[in-house]
Novice: 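Okay, here's the structure, questions in a sec.
Here the structure is a predicted model, which means the values were calculated and not measured. Side chains are part of it too, since the values below use all heavy atoms of this structure and drop only hydrogens, waters and symmetry mates.
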Amino acid sequence: MLTNLTAQPADKILQLMQKFREDPREDKIDLGVGIYKDANGNTPVMRAIKAAEKQLWEIETTKKYTGLAGEPAYGDAMVDLVLGDSVARDRVAAAATPGGTGAIRQAVELIKMASPDATIWISDPTWPNHPSIIKYVGMKMAEYRYFDDETCGVDFDGMMADLANVKAGDVVLLHGCCHNPTGANLNLAQWAEVIASLQETGAVPFIDIAYQGFGDGLQEDAAAVRMVASSMPETLIAASCSKNFGIYRERTGILMTVSQEADNRPLAQSTLAYLNRQNFSFPPDHGARLVTMILQDKVLRDDWMTELENVRLGMLALRENLAGELQRLSGSDRFGFLAQHRGMFSRLGASPEKVEVLRAKHGIYMIGDSRMNIAGLNEATIPILAKAIIDAGI
């Protein structure tokens, strides 16, 4: 049986990580890996997480299974964090998943179960796992234009022209905030136009929100999701706690379905539990329990929000400093988009050949499509990167 297996395409990010490790240069810079890092290159455990873990160690009395959909308190806490009071709770079904990736996978499985002939539309570009999962599950897929390589902003006219071709019952996958890999976001007026288009075509929005709190703030980053969920007949939402709680390895995510008809919730909730059962049975609980403890405790929540805001402001400062240094070196504002982008990532709009020049000549590692992790920078490396970008003719 095993001899019938065929080799799968290598993961480009993992390949890049391996090259970085093997590079002997001491001044090399890693801007490829998609995780938050502080100025010292560490991914720290947040203070509130440590405090909650200490409390949990004292009070936890069992390691028995949770429910198939996870603990209800986790679902309530995450629905409140993402949706606030934009949608009545009895309109929302929710199930814990192994990370945001698990939520994406379960959502695609749900779409296949409910609408096997639907086409799932994804932005061009998008997070590579989106098309990978959709193809693996066996769903049809199409792309809508999103990023303009010339302006390094959103190609909104192209996006709207493509969304006009979406058929009723199709699913449109949208990034709730901090678009990955580009960092270019829609504004709320543009979101309103997207909603109007979805309403006209009869498409179903599917929102991936993995970076709430990394862009413009916890509430601000959820504003678009709340607009969509409160305006559309049905919405799917995949959320992750990996970034904003810093618990990557705990694999803490959630899938939500929103329907304006409360009668639809019981069937959706039982279906989410069923899908979990078929895939991994009971979801992991440690990270979900820590998140619940933090969101339900005012002291822990306030400390978490303070630290998260410091992380956000730190990344924003890196963006502004890099854009300023590039303006100084280039004598132009053509890199001003870096200060306008939000989240960990920005896409420079450079060719793969120019990206390879950055790696080979300057020891600067980023994804071949020119996506770079802003959180991989610090005050010392910003001038180095800026000079390398100019020298490479980007």
Side-chain angles (χ1 to χ4, degrees), residues 8-9 11 13 34 68-70 75 78-79 82 92-144 146 162-163 165-177 179-181 194 198 201-211 225 228-229 232-242 251-259 264-265 267-284:
Q8 300 302 309
D11 187 292
I13 296 179
L68 283 174
M78 286 300 295
V79 169
V82 175
V92 185
T97 58
T101 306
I104 296 291
R105 173 61 184 269
Q106 296 299 73
V108 176
E109 295 279 8
L110 183 146
I111 295 165
K112 184 175 184 180
M113 178 184 290
S115 303
D117 296 326
T119 296
I120 301 177
W121 291 72
I122 61 174
S123 66
D124 177 22
T126 193
W127 181 47
N129 263 18
H130 288 154
S132 178
I133 291 171
I134 293 167
K135 290 176 183 177
Y136 186 78
V137 174
M139 292 296 295
K140 289 182 290 185
M141 183 175 64
E143 291 182 327
Y144 59 86
Y146 187 85
D162 291 342
L163 291 184
N165 298 320
V166 174
K167 301 293 189 294
D170 282 355
V171 177
V172 178
L173 178 52
L174 301 156
H175 297 229
C177 66
H179 186 273
N180 180 4
V194 170
L198 296 174
T201 60
V204 178
F206 172 19
I207 302 178
D208 181 0
I209 179 164
Y211 301 94
V225 184
V228 175
M232 296 298 300
E234 296 178 339
T235 305
L236 302 178
I237 302 168
S240 170
C241 298
S242 294
R251 311 310 301 131
T252 307
I254 193 164
L255 173 61
M256 308 174 198
T257 70
V258 182
S259 173
N264 292 337
R265 182 180 181 273
L267 179 57
Q269 187 64 57
S270 65
T271 301
L272 294 181
Y274 172 82
L275 288 172
N276 276 9
R277 182 62 164 168
Q278 307 318 304
N279 195 342
F280 47 77
S281 274
F282 303 94

Novice: Looking only at non-hydrogen atoms, find the nearest pair between Gly176 and Val225 and report the distance.
Specialist: CA-CG2, 4.1 Å
Novice: On a heavy-atom basis, which atom in Pro205 and which in Met232 lie closest, and how many Å separate them?
Specialist: CG-CG, 3.8 Å
Novice: For Cys241 and Met78, what are the C-alpha separation, side-chain angles and deciding distance, and is it a side-chain contact (heavy atoms from CB on, under 4.5 Å)?
Specialist: CA-CA 9 Å; Cys241 298; Met78 286 300 295; 3.6 Å; yes
Novice: Would a distance-only check, ignoring hydrogens and angles, find a side-chain to backbone donor-acceptor pair under 3.5 Å from Ser115 to Asp117?
Specialist: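 No, Ser115 side chain to Asp117 backbone: no donor-acceptor pair under 3.5 Å.
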Novice: Between Val194 and Leu163, is there a side-chain heavy-atom distance shorter than 4.5 Å?
Specialist: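 With C-beta onward as the side chain, the pair touches.
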Novice: For the CD atom of Gln269 and the OG1 atom of Thr257, what is their distance to the nearest 0.5 Å?
Specialist: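 Separation between the atoms: 7.5 Å.
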Novice: Side chains of Asp124 and Tyr146: does their closest heavy-atom pair fall under 4.5 Å?
Specialist: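 The answer is no, as the side chains (C-beta and beyond) never meet within the 4.5 Å cut-off.
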Novice: Any side-chain donor-acceptor pair under 3.5 Å between Asn279 and Glu109?
Specialist: no
Novice: State, with a plain yes or no, whether a side-chain heavy atom of Cys177 is found less than 4.5 Å away from one of Ile209.
Specialist: yes
Novice: When you compare the side chain of Tyr144 with that of Ser123, does any pair of heavy atoms fall below 4.5 Å?
Specialist: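 Side-chain contact under 4.5 Å: yes.
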Novice: If we ignore hydrogens and angles and just use 3.5 Å, is the side chain of Glu143 paired with the main-chain N or O of Trp121 as donor and acceptor?
Specialist: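 Side chain of Glu143 to backbone of Trp121: no pair is present.
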Novice: Which distance, rounded to the nearest 0.5 Å, do you find between the CZ of Phe206 and the OG1 of Thr235?
Specialist: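 It comes to 11.5 Å.
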Novice: For residues Ala96 and Gly70, report the shortest heavy-atom separation together with the two atoms involved.
Specialist: CB-CA, 4.1 Å
Novice: Under 3.5 Å, is there a donor-acceptor pair between the side chain of Asp170 and the main chain of Thr119?
Specialist: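 Side chain of Asp170 to backbone of Thr119: a pair is present.
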Novice: Side-chain contact test, heavy atoms from C-beta onward, threshold under 4.5 Å: evaluate it for Leu272 versus Gln106 and give yes or no.
Specialist: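 No, every pair of side-chain atoms sits at 4.5 Å or beyond.
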Novice: Would you indicate whether Phe280, at its atom CZ, is surrounded by more than 12 heavy atoms from other residues, nucleotides or ligands within a distance under 6.0 Å?
Specialist: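 Atom CZ in Phe280 is packed in, count exceeds 12.
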Novice: Hey, is NZ on Lys167 packed in by over 12 heavy atoms from elsewhere, all under 6.0 Å?
Specialist: no
Novice: From Ile207 CD1 over to Met256 CE, what is the distance, rounded to the nearest 0.5 angstrom?
Specialist: 10.5 Å
Novice: Drop me the distance from Thr101's OG1 to Ile133's CD1, to the nearest 0.5 angstrom.
Specialist: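 Output value for this atom pair is 6.0 Å.
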Novice: Given Ile104, which of Thr97, Asp208, Leu236, Leu255 fulfils the side-chain contact (heavy atoms from CB on, under 4.5 Å) condition?
Specialist: Asp208
Novice: For Pro283 and Ala69, work out which heavy atoms get closest and say how close.
Specialist: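 Where Pro283 meets Ala69 most closely, the heavy atoms are CG-C, 4.2 Å.
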Novice: Between Lys112 (side chain only) and Met139 (backbone N and O only), is there a donor and an acceptor less than 3.5 Å apart?
Specialist: no
Novice: Taking Thr271 for its side chain and Leu267 for its backbone only, find out whether a donor-acceptor pair lies under 3.5 Å.
Specialist: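 Answer holds: yes.
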Novice: Would a distance-only check, ignoring hydrogens and angles, find a side-chain to backbone donor-acceptor pair under 3.5 Å from Asn276 to Leu68?
Specialist: yes
Novice: Would you say that His175 contacts Thr126 through its side chain, given a criterion of any heavy-atom pair below 4.5 Å between the two side chains?
Specialist: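 Touching, per the 4.5 Å side-chain cut-off.
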Novice: Mind checking the CE-CG spacing from Met113 to Leu275? Nearest 0.5 Å is all I need.
Specialist: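 Atom-to-atom, Met113:CE and Leu275:CG are 4.5 Å apart.
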Novice: So which heavy atom on Arg251 is nearest to which on Ser242, and how close?
Specialist: NH1-OG, 3.4 Å
